[in-house]
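Worksheet: one structure, shown below.
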Amino acid sequence: MKKQIEQLVMTALQQLAATGVIPQDAVSRPKIERTRDSKHGDFATNAAMVLAKAARTNPRELAQLLLDELPSTDLLEHCEIAAPGFINFTLTSTAYHRLIPSILSLSHRYGRSDLGNGKRVQVEFVSANPTGPLHVGHGRGAAYGSVVADLLKAVGFDVHREYYVNDAGRQMDILATSIWLRYLELCDETLTFPANGYKGDYVWDIAATLHRDHGEAYQQDALSVFEGIEEDEPDGGDKEAHIDGLIERAKQLLGDNRYRFVFELGLNIILDDIRDDLSLFGVNYDEWYSERSLTESGAVNQAIERLRNNNQLYEKAGALWFRSTDFGDEKDRVVVRDNGQTTYFASDIAYHMDKLERGFDRVIDVWGADHHGYIPRVKAALTALGDDTSKLDVLLVQFAILYRGGEKLQMSTRSGQFVTLRELRKEVGADAARFFYVMRKCEQHMDFDLDLAKSQSSDNPVYYVQYAHARICSVFQQAAEQKIPFENDPSAVDYGRLSESHEQALLTSLAKYPETVESSALSEEPHQLTHYLRELANDFHTYYNTHKFLVEDSALRDARLQLILATRQVLRNGLNLLGVSAPEKM
RNA sequence: GCCCUCGUAGCUCAGCAGGAUAGAGCAAUCGCCUCCUAAGCGAUAGGUCACAGGUUCGACUCCUGUCGAGGGCACCA
C-alpha cells in the first residue's frame, strides 16, 4: 500500500518538475510515513516541506500544486494539507478490503519481495571456537544472525549462511591437552589440572570416550608429563607458560599421530555437539568453513604474499608486521610470530579475502561486541589488498547479561561455569529463547533474566503472539464442530460488512506487514518484526474480546472469518521468519 | 589514557533516513468469563527523553562537551 502511495506522489513530483515548478534534480523518492494519529489519515508525506525551499515558495502552496498533479485513483478517499505543509492521505475502504483476498492468495508469500534482486549476501555468525558447548552468549548471535539471514532472503537476496570453524590454533591445543590430562586421571594418574585448562564436564566426557575406546593406549606417567614444566599460576608461575609447556610435552610424548587423534576427537565431538545444538535451535548453515583449510590450501601464505607485494609488511623483533596504521588502525599488527606461526589475524585476512573472491555482493559478519576492536584491522587488511571494504558489514551483538534470582551470573568457558544454550533451550524452549533474544536491538545491552524466561508466564511476549494464532485456529475448530458453514472463496465475500473500528485497526496492521519486513531486513533489525507481531496480536485479542466471529448473520460471519484467516496468515508468516513455531493449540 | 556501544515511566524496552499532544510490556490500583481457549480484554496512574550548549521552520532523533553504565585496546583465539 505504501508503495502505491509512493508511486502516486512520485508521478506528481515528476509532473511538477516537468512544468518547472521544482528543479529537476530535487525530485527523489518521496518519504511516505504512517501517521501516528488516525485524524491525520493513513499516510502522510513531508515532501512539500522538504522541497519548498528549492521551489521558492511556501510549503502549503507547494503542497496544493502537488495535490493538483496527483493522478486519480480509487485508493484514496481524500487528501488534505495539514498544519505546516504535510499532505495527509486517507485510503478508501475498498483499498483495505482488497487486502484480505490478496493476503490469502499470496499465502506464505505475503510480505516477501524481490527488492534484493537476487544479490548474493553472505551472513557469517556464531563462529564460536569449538572448545566447548555453546553458551547463552552465543545464543544471541545465533538467533540474531539466523533471523537477519531469513529476513534478507525474504526480501529477495540470495543468502549464504556460514560458520567459521576455528579448528586451528592455541585454544584448540589447550583443549586437546585438557582432554588428555583428564584421560590420564581416568587412568588413575595423579596430577594437578592446569589453571588455564578447560575444566568443564564435557572435557571429562570426551576423555572418558577416549578411555573407553582405547584403554591405556594413550597413558603416560604423570611425573614425566609435568617434569620440568614451568610452575602454574597459583604456585608462583605463569599459567600461560605452564599450559604451553604441557601442550609441547603432550605432542612430544604422544607423537604426531596420537596427539592429532586426541585433537581430532575433541574437535569432532564438540563440533557435532554445536551443530546439533544449533540445528535444534532452528539455526542451519549452508557451509561450515574450516580455518585450518585456509592454512592447508596455502590461502594464508597467499594473503601474506599479497600484502608483502603491496609493500605492507615489515619485520621487527623477529616477527612479521602489517602496517595497519596506514589504514586507520591504532597500531600495527603481527601476522607471523617470531616462532614462525601465523596469527589468527593472518587467517582472518585470508578468510575475508576469500569471502570477497567468492563473489558475494555483500558480506555480513555478526560478531560479539568484544570483537569490535577487531574491525579496523580487518578492514585495513582488505583495503591494503585492494579489496572493496564497503562490501563488508560487521554487526556487533552486545552480550546478554544473565541474571538468576536477581543476581548477575559470570560466565567463562574455561572455568566450566556457564549456562549452555542447550540448557536454556530445554528450560525455556527454542521458541521463547529465539523470540526473547531477537526482541532487542543487537547493539543494546540485554538483561536476560533466566527466572523470568523460564517462568513461562505471560511476561514472555512469544506466548502472547502464539496464543493469538492458536485462538484463530480454535475458532475454525469450533466452526467445524458446530457445523457452522462459511464461504471458502475470499473474493466472494462482502467486506463492506467490516465496519467496526477494531476491524479497521486489524486491517491497518495487516497492511503494515510488508513494510515491516522490508524495514527489518534492510536495517538488520529483527526487533521491528517482534514489536510488529506483538501489536498485531494485540489488535486481534482486542477484536476477539469485543466481537464474536461465529455470528448468525452469514455475510458478516464470512467477512469476519476471512479477516481473521488473513490475520492468521500474517502471524504465521511473521513467526516463521523469526524461526518461532505457530501452534494451532496451546 | 584512547576507542566502541548505550543512558527514554519504578523495572525491561520501542520511537522507523529530525516532523504534528513522547509509546508498549511488566509491576501498582480498579473493572470484565452462564458467551469462539481469561496464556485474554478494558480503565486509571506514572516521563523536564542523563545534563549543558549548538545546527533549523521544527531535535528523543544530527553535532560538540560533561557525567554515568558496559565492552574493547595481545607475537590469545
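Here is the naming used below: chain letters follow the sequence lines, and residue numbers restart at 1 for every chain.
- For A:A470, taking side-chain heavy atoms from C-beta onward, the closest of the listed nucleotides B:G42, B:U37, B:A20 is B:U37.
- A salt bridge does not link A:K355 to A:E162: none of the charged side-chain nitrogens sits closer than 4.0 Å to a carboxylate oxygen.
- Ranking B:G72, B:C36, B:C13 by closeness to the A:R440 side chain, first place goes to B:C13.
- Here A:K585 lies in heavy-atom contact (under 4.0 Å) with a base.
- A:Q171 and A:N166 are not linked by any side-chain donor-acceptor pair at a separation below 3.5 angstrom, with hydrogens and angles left out of the test.
- Across every strand in view, B:A38 sits unpaired, with no contact that passes the Watson-Crick or G-U test at under 3.5 angstrom.
- Look at CZ on A:R140: it is 11 Å from C1' on B:U5, rounded to the nearest Å.
- The residue A:H469 sits apart from the nucleic acid: no heavy atom pair falls under 4.0 Å.
- For A:Y144 and A:F125, the ring centers are positioned 6.0 Å apart or more.
- Glycosidic conformation of B:C33: syn, with the torsion inside 90° of 0.
- Residue A:T542 is in sugar-phosphate contact alone, with no base atom involved, counting any heavy-atom pair closer than 4.0 Å across all strands shown.
- Across all strands shown, B:A9 remains unpaired; no Watson-Crick or G-U wobble contact has both distances below 3.5 Å.
- In this structure, OH of A:Y544 is placed 8 Å from C1' of B:G40, rounded to the nearest angstrom.
- Nucleic acid contact class of A:A468 (heavy atoms, under 4.0 Å, all strands): none.
- Comparing B:C36 with B:A50, their P atoms are spaced 47 Å from each other, to the whole Å.
- You'll find the ring centres of A:Y467 and A:H541 inside the 6.0 Å limit.
- At the heavy-atom level, A:H527 lies under 4.0 Å from the strands shown only through sugar-phosphate atoms.
- Taking atom C1' on both nucleotides, B:A74 is separated from B:A17 by 39 Å, rounded to a whole Å.
- For the P atoms, the distance linking B:U37 with B:U29 amounts to 30 Å, nearest Å.
- Within 4.0 Å of A:A168, counting heavy atoms only, lie sugar-phosphate atoms of the nucleic acid but no base atom.
- For A:K441 and B:C6, the shortest distance from a side-chain N or O to OP1 or OP2 is not below 4.0 Å.
- Listed candidates were B:C36, B:G72, B:C41. Nearest to the side chain of A:N538 is B:C41.
- Backbone-only contact: A:H531 has heavy atoms under 4.0 Å from sugar-phosphate atoms and none from a base.
- If you check every strand for non-hydrogen atoms under 4.0 Å, A:N88 touches a base.
- Formation of a donor-acceptor pair under 3.5 Å by the A:D329 side chain with backbone atoms of A:P376 is not found in this model.
- The residue A:N129 sits close only to the backbone: its heavy atoms come under 4.0 Å of sugar-phosphate atoms, none of a base.
- Across B:G72, B:G19, B:C76, the shortest atom-to-atom separation from the side chain of A:F86 is found for B:G19.
- Classification of the A:Y289-A:Y351 ring pair by plane angle, with boundaries at 30° and 60°, yields tilted.
- Minimum atom distance to the side chain of A:V334 is reached by B:C75, of the listed B:A74, B:A77, B:C75.
- Which of B:A20, B:U37, B:C36 sits closest to the side chain of A:Y467 comes down to B:U37.
- Among the atoms of the strands shown, only primed sugar atoms or phosphate atoms (P, OP1, OP2) are found under 4.0 Å from some heavy atom of A:E33.
- B:C3 sits 11 Å from B:U64 when the P atoms are compared, rounded to a whole Å.
- As judged by a 4.0 angstrom heavy-atom cut-off over every strand, A:F345 is placed among residues making no nucleic acid contact.
- Closest to the A:Q398 side chain, of the nucleotides B:C75, B:G19, B:U5, is B:U5.
- The aromatic ring centroids of A:F322 and A:Y314 lie 6.0 Å or more from each other.
- Between B:G40, B:C36, B:C13, one nucleotide has an atom nearer to the side chain of A:H541 than all others, and that is B:G40.
- The residue among A:K548 and A:A317 whose nearest nucleotide of RNA chain B is located toward the 5' end is A:K548.
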